*Asks:* 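The following block contains the structure, expressed as structure tokens.
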Amino acid sequence: MNEAVRVLFEKTGLSRYISHLDLQHTLQRAFSRAAISVRHSNGFNPHPLMTIALPLPLGYESVCEIMDFVPENGAVSDEFINVMNGALPAGIRFLEAYAPSRKVSEIRWIRTEGFWRYETEPCIEELEELFRRTAIPVDKKTKRGISQIDLAIDSQEVRFRKCEAGIRVTALLSAQSPTVNPDLILKAAERYVPDFPVPKSALYRRMELFDKDNRIFR
Amino acid sequence: MHQILMSVQKPARYTGGEYNQVVKDLNNVEQRIALCFPDTYEIGMSNLGMRILYGVFNERPDIWCERVFAPWRDMEQQMREHGLPLFALESGDPIREFDVIAFSLGYEMAYTTVLDMIDLAGLPVRVGDRTDEMPLICAGGTVCYNPEPMTDFIDLFFIGEGEEVDLEVFDLYRKCRRAGMTKAAFLKLAAGIPGVYVPSLYHVSYDAAGAISAISEEDGAPAVVRKRIVRDFDRSYFPVRTIVPSTEIVHDRVVLELFRGCIRGCRFCQAGYVYRPVRAKKPETLTRQGIAALEGSGYEEITLSSLSTSDYKGLFPLCDGLLDWCEPNHVSLSLPSLRADNFSVDLMKRVQKVRKSGLTFAPEAGTQRLRDVINKNVKEEDLLNSCRIAFEGGWNTLKLYFMLGLPTETDEDVIAIAELAEKVLSTWKQCAAQKNRGLRLTVSTSLFVPKPHTPFQWEGQITSEEYLRRVSLLKSSLRSRAIVYNWHEAETSLIEAVLARGDRRVGRVIESAWRAGGGLDSWSEYFSLDRWLSAMEEEGLDPRFYANREIPEGQILPWNMITAGVTADYLLKERHAAHEGVVTPDCRKKCTDCGIRHSYREVRCDE
Ligand code: SF4
């Protein structure tokens with residue numbers, strides 16, 4: 001896709017419940033509404049040339065989603081962001097559009113924030129202790145079965161902070177190969193911290209993308 | 001809420017927030033309406049009527065109409081566990097705080113879901129148990145042409161097309177509330193609005209055999225409520241700026257309604273009688289609205305919808321006009337429910353240049369004799385000819401729909417279904433363009449359900465046992481293995497017949513069935529015949545009385561206080577013609593004076 005345009009967008013609020021597959025349809029329709037033609041693939045079943053990087057799990061928010069698409073006439077106007085934002089459902093907002101200079105495969109880390117809700121005052125010392133270990137193996141369910149992830153390798157800067165009604169978690173998590181979702185932190189806590197209480201609910205939000213040198217990815 | 005949504009399937013259907021949903025500032029709104037569809041989001045959002053009413057109501061700046069759908073069982077359970085009352089999608093506010101709750105009722109099997117939704121809203125299901133402070137609960141839609149089974153639960157019914165009558169009722173309600181009037185006083189006034197039926201103002205008595213002996217109305221209520229219709233359909237509201245769901249629904253596309261009503265007069269078809277007269281939009285209007293709706297929604301498909309789409313006079317200019325826009329914009333055009341005539345297949349060819357979806361024809365009966373009885377004017381040669389054109393054009397998937405248990409049906413008629421299917425098969429063998437791919441031919445049968453306001457309203461339904469006998473007769477007559485035979489269960493059709501022809505007493509059955517765990521009965525996984533039968537037994541009512549009994553012609557029908565504008569005499573004449581096997585010409589060939597012309601003088605049939 002050498003004429004591709006990259007869009008940085010956010011998916012927050014109610015739109016967090018739109019699944020990845022539904023998001024693709026939703027964006028396609030938003031493009032049509034905004035009268036922006038997306039180039040279609042050739043072949044028997046033409047489909048719009050549009051890819052969303054790193055599928056966001058259902059229920060998660062994000063302020064750093066990335067989508068590449070090929071506009072029919074090669075470029076987008078200055079009004080593109082405004083026009084699109086008038087055509088999107090609640091919670092999805094385009095932030096920037098630009099010519100991509102790097103491949104999506106270079107994304108190494110995602111900074112993620114989480115909030116675990118508790119009704120009783122939680123304790124975080126043991127969690128901090130846990131993430132100082134040199135090996136934190138956890139099981140990750142995938143379509144093909146269960147795989148082993150070592151959070152000591154595939155997560156960085158895991159921090160916990162007590163706040164009103166719960167714990168705030170921040171972490172840099174491996175974006176791909178393997179993909180580490182923040183609920184694995186919770187899994188690790190449940191596995192290694194004795195009597196770790198399950199939170200009432202867990203909310204997550206992707207904050208920023210980084211490459212392998214911890215530089216912001218765009 | 002997050003925790004609840006994360007524990008249920010497809011949470012996006014409970015959040016609202018879709019593109020084009022209407023959100024208003026409560027400070028500027030005087031009346032809040034919960035427009036309820038007693039089925040899931042995916043079904044309800046696919047309903048054009050819902051989209052029209054939503055648009056019509058929200059055009060009024062002082063009204064805020066929001067959508068409410070039935071939660072799936074997992075969500076319902078979560079809501080009950082967490083004490084979360086039924087809420088509207090746009091605001092998330094509990095609907096028990098609204099002024100009006102309005103149900104759109106399209107099919108009988110949704111009745112228990114209505115009760116479920118009222119209960120989930122935190123309101124008593126029975127009219128008599130609700131106070132003046134609670135919302136007014138009303139209903140409209142096709143099944144309300146016999147409102148009687150739901151009269152225990154609904155304060156007021158809209159008879160006819162909602163875009164006409166509903167707002168008049170809402171306005172009156174607001175005035176009455178402001179004046180501090182009671183609900184009862186309001187209802188008395190509302191009964192004076194044409195097209196409004198207030199069941200509490202009518203009294204029904206029964207004779208020893210259980211038949212209705214008299215229906216009487218209180219002062220001020222009309223003896224007969226006549227449906228309201230949109231007079232100028234070409235200029236009626238069409239939702240150009242319609243909501244675009246962010247999750248997949250059943251009919252995920254723009255739906256264009258070409259006309260209301262139907263010229264044909266099939267004698268079993270309730271829609272064909274209650275939506276008379278035919279009122280069409282101009283092709284220019286439809287082309288304009290279709291394109292605007294596609295531009296406004298971003299949908300990649302548009303479909304033409306009406307009772308008998310190929311009867312639309314301007315079909316070719318309309319299709320051409322739409323295709324001119326659709327093709328360069330990667331939008332596809334689809335046509336459902338076509339008649340088995342050459343014209344339709346030509347049209348299919350024109351429209352579906354690349355994608356060859358399956359064809360569906362509904363001859364309904366196997367012999368010409370029985371097709372004459374039901375006034376389905378499709379000739380065998382027309383059907384075979386259409387099939388030939390389709391097969392030559394490369395189609396290789398065909399579905400044929402029939403009904404079993406139609407009045408006067410004999411074993412010969414049943415066997416003739418198999419013969420007809422075999423003829424279709426040999427037509428394919430003769431002229432298929434692509435024989436190597438084989439033909440997928442499906443024959444489907446359902447059990448005939450007599451419906452109010454049709455010439456067959458008096459007929460009894462055959463018993464489930466008899467239906468199954470005819471099913472196996474047909475099955476053994478279908479010799480070719482290339483034909484797949486599907487038959488609908490008789491169980492739902494029996495209950496559908498009970499509810500369709502039910503009187504007021506059936507309300508108790510609906511309530512019992514619901515209390516015993518009913519709800520979402522339109523879904524086979526939640527329907528239970530046993531639950532319905534024990535509910536009937538509990539209430540001392542016999543399903544055979546409602547479903548299988550032939551109603552004597554002179555008897556008072558439960559829906560006698562409602563008219564769709566077609567006279568009772570006409571229906572009776574049509575019934576007699578059916579039994580004599582005499583066909584009635586369609587409205588375009590000849591007006592046979594069904595009464596519509598006199599009831600709605602300002603409207604010209606099929607202009
Ligand atoms: S009045 Fe005549 S033309 Fe009009 S709907 Fe009735 S039969 Fe048809």
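Each chain gets a letter, A, B and so on, in the order the sequences are listed, and its residues count up from 1. Just so we're clear, the structure is a prediction, and the values are computed from it rather than from any experiment.
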*Asks:* Heavy-atom distance under 4.5 Å between the side chains of B/Gln21 and B/Glu66, does that happen here?
*Replies:* no
*Asks:* Would you tell me whether B/Ser297 and B/Thr242 have side-chain atoms, one donor and one acceptor, within less than 3.5 Å of each other?
*Replies:* no
*Asks:* Quick one, A/Ile110 and A/Met207 - any side-chain contact, counting heavy atoms below 4.5 Å?
*Replies:* no
*Asks:* On the 0 to 90° scale, with breaks at 30° and 60°, tag the A/Phe9-A/Phe94 ring pair as parallel, tilted or perpendicular.
*Replies:* tilted
*Asks:* Which atoms of B/Asp252 come close to chain A, meaning under 4.5 Å heavy atom to heavy atom: side chain ones, backbone ones, both, or neither?
*Replies:* both
*Asks:* Quick one: which of A/Arg16, A/His40, A/His25 has the most heavy-atom pairs under 4.5 Å with chain B, could you say?
*Replies:* A/His40
*Asks:* Side chain, backbone, both or neither: which part of B/Glu295 has a heavy atom under 4.5 Å from chain A?
*Replies:* backbone
*Asks:* Measure A/Leu88 against the heavy atoms of chain B and call it side chain, backbone, both or neither at under 4.5 Å.
*Replies:* backbone
*Asks:* Can you check whether B/Met45's main-chain N or O pairs, donor with acceptor, with B/Arg51's side chain at less than 3.5 Å?
*Replies:* yes
*Asks:* For the residue pair A/Asp22 and A/Ser19, confirm or rule out a side-chain donor-acceptor distance under 3.5 Å.
*Replies:* yes
*Asks:* Any side-chain to backbone donor/acceptor pair from A/Arg33 onto A/Ala87? Under 3.5 Å, distance only.
*Replies:* yes
*Asks:* With a 4.0 Å cut-off, would you call B/Asp74 and B/Arg80 a salt bridge?
*Replies:* no
*Asks:* When only heavy atoms count and the cut-off is under 4.5 Å, which of residues 191-206 of chain A reach chain B?
*Replies:* A/Lys200, A/Ser201, A/Ala202, A/Leu203
